[in-house]
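Whatever order the structure lists ligands and atoms in, that order sets their numbers, starting from 1.
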Amino acid sequence: MNFQATPPIQPASLSSLKPAAGARAARHLALIPAAGVGARMEVQMPKQYMALAGKPMLRHALDTFAAHTRIDHIYIVVSAEDAYIDEIMAAAPALQGRVTVLRAGGPTRQESVRNGLLAITAAQDAEADDWILVHDAARPGLNAALIDRLLDELQDDPVGGLLALPLVDTIKRSNQGRSQLTVPRADLWAAQTPQMFRSALLLRAFTQAAAQLDAITDDASAIEMLGLQPKLVAGSPRNFKVTLAHDAALAEFFLKGNE
Ligand SMILES: Nc1ccn([C@@H]2O[C@H](COP(=O)(O)OP(=O)(O)OP(=O)(O)O)[C@@H](O)[C@H]2O)c(=O)n1
Ligand SMILES: C[C@](O)(CO)[C@H](O)COP(=O)(O)O
């Protein structure tokens, strides 16, 4: 795939991404990377398909987005050889017409996101100023209130942003298993998802970062590489990423209606 280096975006030029007066309102499109294998979870299937609170993990985020009236469409990126998604979609008639499955997973989360963006763009399914909400399938605790908070906080923002949580623990830098120093935590936040940016800006950021995709682990990093500063929007502990085996019980706690 040939990515041409593009000059960094000057914040002043971002105004071109906002809809012109009288243009149709920008849509909100969810893009869910779900092409991982969940190696750290140590379960027998990709973790996004493991049962949590009575349904496969990825159904929680899918159902939350599909039930949200401000979300116009949902794209889910799975691996080309995914053996689960077709059966899951067939068992969820309420998702028909609201969800497009993209068998475009890549070797890393960022490449899966980039491939999904390219597929949406190639299908001309998104206008330049449409908002893309990239959300991990591995964060099943997302709810409508968090989506509303993100949309309300960012709808007039020139850059976009992400849900995140300010760190509350003291942070240590390790040296061979020993505490080498304490990292000042005053301005440290833990990034969550959705991470929400306008389609053209996100695609440009991923194009610009093409050679460094392995070095970044979230979508906002690519936007930062353009010299822009995404807005941090208060997330929630319930929106944590299910990563390690012990996370399943905590996810069930939140998904069973506990805050
Ligand atoms: N090549 C990849 C890797 C990850 N993901 C997705 O990105 C999200 C966050 O990634 P992570 O929690 O790291 O999931 P895995 O990569 O599956 O986990 P592990 O690193 O333990 O294998 C998940 O919804 C995962 O399915 C993806 O779409 N494509
Ligand atoms: C995108 C993310 O969830 C923000 O915290 C995180 O970077 C994903 O990391 P992973 O190693 O791909 O799970």
Do ligand 1 and [X] have nitrogen or oxygen atoms that lie under 3.5 Å from each other?
{"X": "Lys47", "answer": "yes"}
{"X": "Arg40", "answer": "yes"}
{"X": "Ala34", "answer": "yes"}

Original post:
Backbone or side chain, does any N or O of Arg40 fall under 3.5 Å from an N or O of ligand 2?
Top reply: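 By distance alone, the answer is yes.
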
In terms of atom number and element, which parts of ligand 2 are under 4.0 angstrom from non-hydrogen atoms of [X]?
{"X": "Lys241", "result": "3 (O), 8 (C), 9 (O), 10 (P), 13 (O)"}
{"X": "Asp136", "result": "1 (C), 2 (C), 3 (O)"}
{"X": "Thr217", "result": "1 (C), 6 (C), 7 (O), 8 (C)"}
{"X": "Arg139", "result": "2 (C), 3 (O), 4 (C), 5 (O)"}
{"X": "Arg109", "result": "1 (C), 12 (O)"}

**OP:** Counting heavy atoms only, name the option from Pro46, Gly106, Ala35 that's nearest to atom 1 (N) of ligand 1.
**Re:**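 Looking at heavy atoms only, the winner is Gly106.
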
Original post:
Nearest to atom 18 (O) of ligand 1 by heavy atom, Ala138, Gly36, Gly38, Ala137: which?
Top reply: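 Residue with the shortest heavy-atom distance to the ligand atom: Gly38.
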
Original post:
Can you name the one residue among Leu203, Leu202, Asp157, Leu228 that meets side-chain contact (heavy atoms from CB on, under 4.5 Å) with Phe197?
Top reply: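 The passing option is Leu202.
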
Subject >> Sidechain-backbone polar pair: Arg103 side chain, Asp82 backbone, donor-acceptor under 3.5 Å >> reply: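 Side chain of Arg103 to backbone of Asp82, a donor-acceptor pair under 3.5 Å: yes, one is there.
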
**OP:** May I ask you to decide whether Lys47 forms a salt bridge with Asp247, counting only side-chain N to carboxylate O separations under 4.0 Å?
**Re:**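 The answer is no: the pair does not qualify as a salt bridge.
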
